[in-house]
Amino acid sequence: MEILRIILLVLLGITSLLLTLLILLHKGRGGGMSDMFGGGMTSSMGSSGVAERNLNRFTVALGLAWGTVIVALGLIQRFAGES
């Protein structure tokens with residue numbers, strides 16, 4: 001059980017770093033703090049290309065994997081103390 005926990009912790013670290021990088025690769029959509037104070041002049045009419053859609057899909061898939069690892073680690077933590 002300890003080896004599974006170590007594998008999941010390594011997987012959590014890798015997915016966390018990749019998810020952070022993928023989120024930073026997304027282009028801004030506006031509406032943030034800079035737009036509130038007049039700093040942004042972006043148009044909301046921009047269409048999403050194939051690369052952006054694929055980036056969205058990969059980010060969602062990696063986010064689901066990250067969440068699954070979190071739940072698995074929580075279950076291991078919960079039931080490891082009872083045995």
Side-chain angles (χ1 to χ4, degrees):
M1 192 62 103
E2 186 65 26
I3 190 73
L4 180 62
R5 187 176 155 289
I6 291 171
I7 290 171
L8 286 174
L9 284 172
V10 169
L11 194 59
L12 179 65
I14 291 170
T15 56
S16 296
L17 288 174
L18 285 175
L19 196 56
T20 302
L21 290 174
L22 285 177
I23 289 171
L24 289 175
L25 281 175
H26 285 277
K27 65 180 180 179
R29 301 261 192 248
M33 290 293 284
S34 64
D35 284 347
M36 187 185 329
F37 296 110
M41 296 297 290
T42 60
S43 74
S44 61
M45 300 294 282
S47 63
S48 179
V50 175
E52 184 73 19
R53 283 193 299 261
N54 288 335
L55 184 61
N56 288 340
R57 291 179 187 138
F58 194 63
T59 304
V60 168
L62 195 60
L64 290 172
W66 181 82
T68 303
V69 170
I70 293 286
V71 169
L73 279 170
L75 289 173
I76 288 174
Q77 181 74 22
R78 167 95 170 125
F79 294 116
E82 294 179 6
S83 31

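These numbers were taken from a predicted model, which means no experiment stands behind them.
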Handout entry: Residues in side-chain contact (heavy atoms from CB on, under 4.5 Å) contact with L4, at least two apart in sequence or another chain
Key = M1, L8, I76

Handout entry: Other ILVMFWY residues reachable from L64 by side-chain steps of under 4.5 Å
Key = V60

Fill in the blank from the handout: Rounding to 0.5 Å, atoms CZ (R5) and CG (L9) come to a distance of 5.0 Å

Handout entry: Residues in side-chain hydrogen bond (donor to acceptor under 3.5 Å, both in side chains) contact with Q77, at least two apart in sequence or another chain
Key = none

Problem - Inter- and intrachain pairs under salt bridge (Lys or Arg N to Asp or Glu O under 4.0 Å), touching residues 17-26, at least two apart - result: none

Donor-acceptor pairs under 3.5 angstrom involving side-chain atoms of residues 10-18: please list them, not counting sequence neighbours.
residue	atom	partner	partner atom	Å
T15	OG1	L11	O	2.9
T15	OG1	L12	O	3.1
S16	OG	L12	O	2.7
S16	OG	W66	NE1	3.0

Handout entry: Distance-only polar pair, side chains of R57 and N54, donor-acceptor under 3.5 Å
Key = yes

Problem - Given I23, L24, L22, the one that forms side chain to side chain contact (heavy atoms under 4.5 Å, CB included) with T20 - result: L24

Exercise for the section: Not counting sequence neighbours, which residues clear side-chain contact (heavy atoms from CB on, under 4.5 Å) with L75? List them please. Expected result: V71, F79

Exercise for the section: Work out which heavy atom in L19 is nearest to a heavy atom in L62; give both atom names and the distance. Expected result: N-CD2, 3.5 Å

